[in-house]
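Labels below follow one simple rule: chain letters A, B, ... track the order of the sequence lines, proteins then strands, and each chain is numbered from 1.
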Amino acid sequence: MGERTVVLGVIGADVHAVGLRILDYALRSAGFDVVNIGVLSSQEDFIKAAIESGARAILVSSLYGHAELDCRGFKEKLQEAGLENILLYIGGNLGIGQKNWEEVEKKFKELGFHRVYPPKTMPDEVIRDLKKDLGLEK
Amino acid sequence: MGERTVVLGVIGADVHAVGLRILDYALRSAGFDVVNIGVLSSQEDFIKAAIESGARAILVSSLYGHAELDCRGFKEKLQEAGLENILLYIGGNLGIGQKNWEEVEKKFKELGFHRVYPPKTMPDEVIRDLKKDLGLEK
Amino acid sequence: MFIKNKKWDHKYFLNMREEVLNSWPTGREVDLKEAFLYLASLPKEKHTDYVLKEASQNGKTLLQPRAGVPILKDHIALLQYLQDEGGADILPTTIDSYTRQNRYKEAQLGIEESLKEGRYLLNGFPAVNYGVKACREIIESVKVPVEIRHGTPDARLLAEITLAAGFTSFEGGGITYNIPYAKDVPLENSILYWQYVDYLVGIYAQEGILINRESFGPLTGTLVPPSISIVIGIIEAILAAEQGVKSFSVGYGQCGNIIQDVASIKILDKLTKEYLASFGYYDVHLTTVLHHWMGGFPEDEAKAYAVISFGTIAGAISKVTKIIVKTPQEAIGIPTKEANASALKNTRQVLNMLENQNFIDEDKLSQEEYIIEREVRSILNRVYEIGEGDIAVGTVRAFSSGILDVPFAPSKYTYGRVMPVRDNEGAIRYFDFGNLPFDEEIKNFHKERLEERARFEKREVSFQMVLDDIYAISKGRLIGRPR
Amino acid sequence: MFIKNKKWDHKYFLNMREEVLNSWPTGREVDLKEAFLYLASLPKEKHTDYVLKEASQNGKTLLQPRAGVPILKDHIALLQYLQDEGGADILPTTIDSYTRQNRYKEAQLGIEESLKEGRYLLNGFPAVNYGVKACREIIESVKVPVEIRHGTPDARLLAEITLAAGFTSFEGGGITYNIPYAKDVPLENSILYWQYVDYLVGIYAQEGILINRESFGPLTGTLVPPSISIVIGIIEAILAAEQGVKSFSVGYGQCGNIIQDVASIKILDKLTKEYLASFGYYDVHLTTVLHHWMGGFPEDEAKAYAVISFGTIAGAISKVTKIIVKTPQEAIGIPTKEANASALKNTRQVLNMLENQNFIDEDKLSQEEYIIEREVRSILNRVYEIGEGDIAVGTVRAFSSGILDVPFAPSKYTYGRVMPVRDNEGAIRYFDFGNLPFDEEIKNFHKERLEERARFEKREVSFQMVLDDIYAISKGRLIGRPR
Ligand code: B12
Ligand code: B12
């Protein structure tokens, strides 16, 4: 697949499906090829889909508050799979409870994510960033 | 008049009349002789009423936020008038804005008030205190 | 004193004006010709009447907070915050209580001490002391119109200064800014003072500058039966129109029973228009204002939010032109700017969520409208009668004889016998009619409603019930049930 | 797998029970005989069914927050706070998401890390890992009943442990805790798992211990048309009753149009009772539950309060038995205990202020009730038909063929073609009916309503409109208007 392929899914035991549906729709409308692996996806599911589709980015969604536990070791697994260069975003409600956003962002950057999005991020923003990071916009 | 006489009024340029009406009613129902001088009363009005009625306590109400300016020098005027022993209460909304209650209380104690009541004080409480301070309850 | 509902003689006005402008140094800053030019130069979005017209044409409800602090630059920052963060459609400038009593010296002291101590010793903005030029800084620092809100029986100088400064709306009236706000100002005086203000507004109107005048509907804010508030609004509209006012808003303080509130706003709108027309004032642009609950609030912010959101319902359903918004800190003191902006957001959200919804029982609404309308007409017609055809004369006489009366008012010029209490659904009814000129049908209606509550609560209607109702909202409910 | 709406054979249950109790060490703590004694020893105020009965008899609406943290003593302190400070009538224990997926090992890790790091790494209370004894500490530390709330397709072990521990209400069902909460659990499985739970509750009932079972009405929380939610509630009530459940609550997630919400709650109550009776289950105590808006919330707390207060209106008017309360921090994350208690206070104040008020247009209400009732009957009758008289069989077949469908559900066992959108008054209508078995009258009704909105907004009904509606409330309004 081409340079516009991205893998999208909700990680862990999380079933929040609405944001995913919207992201899927928005990314497609913006010309991306979206491999949507749905909710309740494991790290392995993401990696498998990325390899199979030759995706250039993985977009992880997590709403339910367990993102941190669910994302531990993800970076290492990606490296093992030879995906060390893939672009890695995460968004949703990443902390449990009322957290300081700077801390949350820092934590997920440490876990290997290139961009970390606060709750209520609108799809436009991600699309802009993706295009920029993938060098699709001149 | 007797040992159960109290002067009641709203000080300064303040017109909040509802709390006064209720205090008046509650004090009378509790057996006090109430001299109600109404809203928009000056320090002089309070002193005059207290002397004329031989009252044992002055209850000042202030809702509108200017209490501090309105009460400056009241203690001194009372002393001049020979009322240095009269019981002095104040209640209502005594600060302007969202104030720390301890500070407000301290300020009004310095201005000579024996008791200072926070917003939403119920009449029962004042009546209990009055009886105690005037030695009316054995 | 001689008072009539009759447009003033211009010379009479000019004579009085000399006196007014000389009563405090800043008065001499006012130059009407220059003021006309200044106001004409303001963009239309800063003219209240324009904004009100746009809103009522588009069925939009405008939001206005309350705000006023004694230090000019803080006041400006506060208004900008309420505009930008809170999304206020019209801004206020609330005047301090010394100015309201024309005690400019004490106000001056308050400004100075506030500046010195870095904290506010005044509960509002002392516009007279600041004068025209300083006041214009406010107008020039914001994008929306600004209204002067106060409670001043004699606001002649305040009006001169603030209108010249570019405030395009001015609240008050000879009744509504006397009865709840004064102890011993005779009604003849305050009506006269307000005729002055209205006449002044009329002069602006002649120059094509429409200043909005607003009546203060809530009065004492405490269980005021709707018909009383409506009658007074209509009278003030008529008095203003006679002096040449062309833009007028009648206000109403929420009572809490949704049917009663919606019915009241509808009747307020309908009858004010009707009476204005029947008196021959055809060209007054009339709008309505709802005040969120004006009585005692709960101290808890979450509960206060509930009172606010709840209050917005009646505004949304009645499609009132403007809501004057309370804040979650109402019971405590003058709100922080954040709390004030939050209240605006809360109100907007409820308004928006009720957009286009109509779920009101029209039958119940009509029944309530019917009784309110009958009450209003009964009082108004009697006021007109005893005024021998003059509504100003009638008003003075009505207040002294109790034909018009306001509960819990501090003024000794109210008869003070009317006593309200809630019925079993929370509507405000008359427990004691005083001397209000109501017929048996009306009286029985109220009696039956109160008997229903008495039966339900298994106790007599009494002053204790009134007390319970006064405290009720601050204690978590609408109706002051026993225990 | 073979599934029927037929009371289980006791041996079948006992065999399965062995397996269930052995699936995690704490399962062996459960001793039914001892549990009966324990539950019988609890004061009646700790029994949900008793509290619900008292409330519906007195026309009172109960309030219940959402809450659950992974550390036991913190969880207890949290519940006590919500009880004492918030005035909760029924307390919750929300289970974490690993437990919901029966991933007890990960839950264990979550407990340990939470304890170690002093912050919560789980989004709820992992009751299975704690076991019966530890759970009883919760029951013994509070004065009101506690409900288990979760989202678990297979909650057999969770039910065994928590019922034995004294939780007297248990939320969920074979449909409502599968379709919105799972991706690939077949409906046959989840219905079977929940028949187990219901059968277990039936055993308690035989001992005179009434455990309340509650269906999770809101489903995906996102623009779910009322008829879908009501049909599913009725089916779960029937399935539960067949296994011996005697106390059941049907739930409903607020849509936002007051008429539609009130009508839905009334029909939910009426038709569930009717169908239960028509299936021969006469002795089920049925109550209703309203969930404040379950979709995306505004981030701003003042706006979130508006959504909450607004949501309470429909609860007050419909006199629903219980409201499950959202908080001002919904959009951000799991709320602080203070925010949670504040939401309860806010809700109580609105409820109290609406006490005894009735302002709803009965005609509009009946019209809406009429259409909802017809929709519900159309679907339910068809489910019964294709199940050849068995509602469990019918349900499985209906979901696979789209006769029953849930919008935005993650489960692949939904047909996934139904698409909702709001009409011009904010009521949720069908934009795509998928395979729902509706006749022309119903379809035309929806079409007309949507055309009205399309005309008003001057745009076609499209997925963009749906998107706008999904975001609308979080962006400050009910209806996603263009721009
Ligand atoms: C609807 C909802 C549900 C529904 C979900 C139905 C479904 N299957 O989809 C139900 C009721 C079933 C549910 C269940 C639960 N929920 Co829930 N739920 C919500 C709610 C109200 C709205 C979510 C939503 O649909 N928003 C609308 C969409 C359009 O927005 P979005 O999801 O935020 O996605 C957008 C952006 O965030 C962003 N985005 C999302 N992911 C990504 C990824 C990337 C890479 C990028 C760039 C952007 C991005 O783009 C999206 C489109 O704009 C939120 C609170 C809120 N937001 O108001 C809570 C919320 C997410 N839920 C929460 C919780 C805890 C739960 C439960 C554990 C417990 C419970 N309360 O019952 C269970 C979890 C079940 C599970 N195993 O996952 C918490 C999470 C707490 C935290 N993180 O601290 C929240 C925040 C509520 C709260 N305050 O407690 N929930
Ligand atoms: C009704 C009301 C009005 C009415 C008053 C009508 C009238 N003439 O009575 C109107 C609308 C006219 C009004 C005007 C103003 N008000 Co006003 N008003 C209120 C309100 C909403 C309720 C007051 C009330 O009647 N409460 C019910 C009674 C029963 O309770 P109470 O007055 O608190 O009295 C009880 C107790 O406090 C106590 N108590 C009172 N005095 C004393 C004295 C003693 C010795 C004791 C022991 C106890 C005691 O016992 C009483 C009985 O239980 C309060 C806010 C609130 N509380 O919710 C604001 C409030 C008092 N007003 C306020 C202000 C600023 C004004 C104005 C200056 C400006 C404005 N907003 O327009 C003007 C002032 C005019 C003037 N010159 O005084 C502020 C005061 C700010 C501050 N102190 O920081 C408040 C707090 C509102 C706010 N948050 O901004 N107001």
Side-chain angles (χ1 to χ4, degrees), chain B residues 8-30 36-43 45 61-73 91-101 103-104 107 111 117-125 127, chain C residues 69-70 96-103 106-107 109-110 113-114 117 119-124 151 153 178-185 220-223 295-299 327 329-339 407-412 414 416 463-464 466-467 470-471 474-475:
Chain B
L8 180 67
V10 175
I11 201 164
D14 190 343
V15 300
H16 289 91
V18 183
L20 197 69
R21 176 95 174 243
I22 292 184
L23 284 171
D24 184 315
Y25 178 84
L27 288 165
R28 279 180 211 277
S29 308
N36 185 342
I37 62 172
V39 303
L40 288 168
S41 297
S42 64
Q43 297 184 357
D45 294 337
S61 176
S62 175
L63 272 290
Y64 75 153
H66 290 185
E68 191 185 332
L69 282 177
D70 293 334
C71 292
R72 292 210 186 140
N93 289 56
L94 299 176
I96 293 188
Q98 311 295 312
K99 285 276 181 52
N100 178 306
W101 173 246
E103 266 174 45
V104 173
K107 179 133 278 156
L111 286 169
Y117 295 87
K120 301 276 148 184
T121 303
M122 294 300 289
D124 301 357
E125 207 180 311
I127 289 168
Chain C
V69 294
D96 71 287
S97 292
Y98 289 133
T99 303
R100 293 168 184 222
Q101 304 287 334
N102 312 90
R103 287 150 71 164
E106 278 157 281
L109 191 75
E113 298 237 354
S114 298
E117 301 203 17
R119 63 191 178 96
Y120 304 145
L121 284 123
L122 293 180
N123 60 10
N178 175 352
I179 301 302
Y181 284 105
K183 184 159 76 175
D184 47 23
V185 178
T220 53
T222 307
L223 304 180
F297 253 66
E299 285 186 81
T327 84
Q329 298 175 337
E330 173 66 14
I332 310 301
I334 290 178
T336 61
K337 65 178 193 306
E338 291 82 9
F408 308 110
S411 170
K412 65 182 188 209
T414 33
F463 190 63
Q464 185 57 47
V466 179
L467 282 184
I470 290 176
Y471 284 123
S474 70
K475 290 194 169 168

Participant: Is a side-chain donor-acceptor pair under 3.5 Å present for C/D96 with B/Y64?
Facilitator: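 No, C/D96 and B/Y64 have no side-chain donor paired with an acceptor closer than 3.5 Å.
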Participant: Does C/Q329 reach the side chain of C/T336, with side-chain heavy atoms less than 4.5 Å apart?
Facilitator: yes
Participant: Would you mind checking which part of C/L121 comes under 4.5 Å of any heavy atom in chain B, side chain (CB onward), backbone (N, CA, C, O), both or neither?
Facilitator: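 Contact with chain B involves both backbone and side-chain atoms of C/L121.
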Participant: Pick whichever of B/G65, B/A26, B/G95, B/P119 has the most heavy-atom pairs under 4.5 Å with chain C.
Facilitator: B/P119
Participant: With a 4.5 angstrom heavy-atom cut-off, is it the side chain or the backbone of C/R100 that approaches chain B, or both, or neither?
Facilitator: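 Nothing of C/R100, per the 4.5 Å heavy-atom cut-off to chain B.
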Participant: Between B/R72 and B/E68, does any NZ, NE, NH1 or NH2 come within less than 4.0 Å of an OD or OE carboxylate oxygen?
Facilitator: yes
Participant: Is any side-chain heavy atom of B/D14 closer than 4.5 Å to a side-chain heavy atom of B/V39?
Facilitator: no
Participant: Between C/P407 and chain B, with a heavy-atom cut-off of 4.5 Å, which part of the residue counts as in contact: side chain, backbone, both or neither?
Facilitator: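 Neither; nothing under 4.5 Å.
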Participant: Report which part of C/S97 has an atom under 4.5 Å of a heavy atom belonging to chain B: side chain, backbone, both, or neither.
Facilitator: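 Answer is both: backbone and side chain atoms of C/S97 are under 4.5 Å from chain B.
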Participant: Can you find a heavy atom in the side chain of C/Y120 that is under 4.5 Å from one in the side chain of C/I334?
Facilitator: no
Participant: Between chain C and each of B/K120, B/H16, B/H66, B/M122, count heavy-atom pairs under 4.5 Å; write down the option with the most.
Facilitator: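 The residue among B/K120, B/H16, B/H66, B/M122 with the greatest pair count is B/H66.
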Participant: Report which part of C/I332 has an atom under 4.5 Å of a heavy atom belonging to chain B: side chain, backbone, both, or neither.
Facilitator: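 C/I332 touches chain B through backbone and side-chain heavy atoms alike.
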Participant: Out of B/L63, B/N93, B/L20, which one racks up the most heavy-atom pairs below 4.5 Å with chain C?
Facilitator: B/N93
Participant: Any side-chain heavy-atom pair from B/I22 and C/L467 closer than 4.5 angstrom?
Facilitator: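 Of all side-chain heavy-atom pairs linking C/L467 with B/I22, at least one is under 4.5 Å.
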Participant: Quick check for you: among C/K412, C/Q101, C/K183, which has the greatest number of heavy-atom pairs under 4.5 Å with chain B?
Facilitator: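 Ranked by heavy-atom pairs under 4.5 Å with chain B, first place is C/K183.
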Participant: Can you find a heavy atom in the side chain of C/Y98 that is under 4.5 Å from one in the side chain of B/D70?
Facilitator: yes
Participant: With chain B, which of C/L122, C/I470, C/V466 has the greatest number of heavy-atom pairs at distances under 4.5 Å?
Facilitator: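 Between C/L122, C/I470, C/V466, the count favours C/L122.
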